[in-house]
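A note on names: the letters A, B, ... follow the listed sequences, proteins ahead of strands, and every chain is numbered from 1.
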There are 2 protein chains.
Amino acid sequence: MQIGELAKRTGCESETIRYYEREGLLPAPARSSSGYRRYEQPHLEQLAFILHCRSLGMPLADIRLLAGFHQQPAAEPCDRVNALIDQQISRVHSQIEALQKLEIQLQQLRARCESPHTLADCGILKTLDDAATGEACACHDAS
Amino acid sequence: MQIGELAKRTGCESETIRYYEREGLLPAPARSSSGYRRYEQPHLEQLAFILHCRSLGMPLADIRLLAGFHQQPAAEPCDRVNALIDQQISRVHSQIEALQKLEIQLQQLRARCESPHTLADCGILKTLDDAATGEACACHDAS
DNA sequence: GCAAACCCTGTAGCTACTATAAGGTCAAGC
DNA sequence: GCTTGACCTTATAGTAGCTACAGGGTTTGC
Ligand SMILES: [Zn+2]
Ligand SMILES: [Zn+2]
Ligand SMILES: [Zn+2]
Ligand SMILES: [Zn+2]
């Protein structure tokens, strides 16, 4: 099949497929006499593997490693697989924690502007300006 | 003061300060006869304003707008300020939701590999491979 | 007079794509 | 045989927000 059909079947754009090939995530397929890429079933599965990992937020470098384990002796222990997943879980977890703190801070800032008023009286702008001169702010210094 | 001291006082690297100047977030300061940037107190406050907003995750484009409200007639309503903060809150909120889903999916995948074993028997690799051929996976298709 | 610690500009790198530009190929219809 | 449109190709630049050079000039102290 041509790249367009692979794209349609996987829901991944042709440009992204070519990008994965350049990045060494997908093996270069055979070419037709006119230079068109010709994909077979294994390519589709490899791409599906990549997309599945991406949907879990895994970085491309880790997906490269994960895919590489297929070329390793099957009798090896799988601890490096686990390590990659654990790493990703902890990355995601710490991002969540950071964003939750952020949300609270933003809401505390937002609470400074309730009823409609002017720029001169806006509690949000005032808070931001005061914080810039070193004063305590509603978002970061709230108890 | 020179850029290095501004950097030290704000905890923002010199290169980032120059970057903010290029991006139009900080006004270009006066220069010494040898071309060194000379900063005054207002620059320090402006930079602190930017860094404070950045610590709330605001994108630079929004910070530019927020800073621009100081040049606007003070009698204008502040609804566009609120809109920027509300937008940021909803961005952060939807990121949190997406990451929480991701964390659950990753943990379901991780649970496929409990006791130490070989690559050939690893439930994680098996799940990923099966999903690539269209089968249901622990991470996405769990009820 | 020299070395260390500053500063300058300009450019390239990071992630994971996305979007052009400029051109070649192929099948259908007239 | 010729045109039209839908494909495909490569190469290059852009996105966000920095960060890290390279290759040079300046200032300060000894
Ligand atoms: Zn207000
Ligand atoms: Zn604050
Ligand atoms: Zn395992
Ligand atoms: Zn899955």
Side-chain angles (χ1 to χ4, degrees), chain A residues 1-26 28-40 43 46-47 49-67 84 87-88 91-92 95 98-99 102, chain B residues 1-26 28-40 43 46-47 49-67 84 87-88 91-92 95 98-99 102:
Chain A
M1 84 196 91
Q2 294 190 164
I3 198 169
E5 179 156 0
L6 181 60
K8 206 175 298 170
R9 284 209 215 171
T10 56
C12 176
E13 295 202 25
S14 304
E15 278 141 1
T16 307
I17 295 173
R18 284 190 282 254
Y19 171 71
Y20 287 158
E21 183 183 327
R22 275 202 305 282
E23 292 297 304
L25 284 158
L26 273 176
R31 300 284 185 130
S32 75
S33 58
S34 56
Y36 288 15
R37 289 172 179 81
R38 289 213 165 288
Y39 293 99
E40 310 293 335
H43 291 107
Q46 174 85 358
L47 180 54
F49 181 94
I50 295 168
L51 294 175
H52 188 231
C53 293
R54 282 297 297 137
S55 83
L56 292 168
M58 303 289 293
L60 296 185
D62 287 6
I63 298 174
R64 219 189 312 261
L65 292 176
L66 273 177
L84 287 178
Q87 228 177 77
Q88 174 68 0
R91 264 194 303 258
V92 167
Q95 278 178 38
L99 288 170
L102 222 53
Chain B
M1 85 196 90
Q2 295 189 162
I3 197 169
E5 179 156 0
L6 182 59
K8 207 176 297 171
R9 284 210 214 169
T10 55
C12 176
E13 296 203 24
S14 304
E15 278 142 357
T16 307
I17 296 173
R18 283 191 281 256
Y19 171 71
Y20 288 157
E21 183 183 327
R22 275 203 304 282
E23 293 297 305
L25 284 157
L26 274 177
R31 300 284 186 128
S32 74
S33 59
S34 56
Y36 289 14
R37 289 171 177 81
R38 289 213 165 287
Y39 294 98
E40 310 294 336
H43 292 107
Q46 174 85 358
L47 179 54
F49 180 94
I50 295 168
L51 294 174
H52 189 230
C53 292
R54 282 297 298 138
S55 83
L56 293 168
M58 303 288 294
L60 296 185
D62 287 6
I63 298 174
R64 219 189 311 263
L65 292 175
L66 274 177
L84 286 178
Q87 229 177 75
Q88 175 68 0
R91 264 195 302 259
V92 168
Q95 278 178 37
L99 287 170
L102 221 52

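- When atom types are taken as modelled, the side chain of Gln88(B) and the backbone of Leu56(B) share a donor-acceptor pair closer than 3.5 angstrom.
- When each of Tyr20(A) and Arg18(B) is assigned the nucleotide of DNA chain C with its nearest heavy atom, Arg18(B) is the one assigned upstream, toward the 5' end.
- Counting all heavy atoms, side chain and backbone alike, Leu65(B) lies closest to Leu84(B) at CB-CD1, 4.0 Å.
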Legend entry - B/S/- contact track for nucleotides 18-25 of chain C, protein heavy atom under 4.0 Å: SBB---BB
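- Among the atoms of the strands shown, none is found under 4.0 Å from any heavy atom of Arg38(A).
- When all heavy atoms are compared, the tightest approach of Cys12(A) to Leu51(A) is CB-CD1, 3.7 Å.
- Nearest-nucleotide positions on DNA chain D place Leu60(B) closer to the 5' end than the other of Gln2(B) and Leu60(B).
- Residues Ser55(A) and Leu102(B) approach most closely at O-CD1, 3.2 Å, considering heavy atoms.
- Arg18(B) has its side chain within reach of Arg37(B): a pair of non-hydrogen atoms, C-beta onward, lies under 4.5 Å apart.
- Comparing atom distances between the Arg37(A) side chain and each of dT9(D), dC8(C), dC18(D) picks out dT9(D) as nearest.
- Scanning both residues, Tyr20(A) and Arg54(A), for their nearest heavy atoms gives OH-CG, 3.9 Å.
- No engagement by Glu23(A) is indicated, since no non-hydrogen atom pair under 4.0 Å with the nucleic acid exists.
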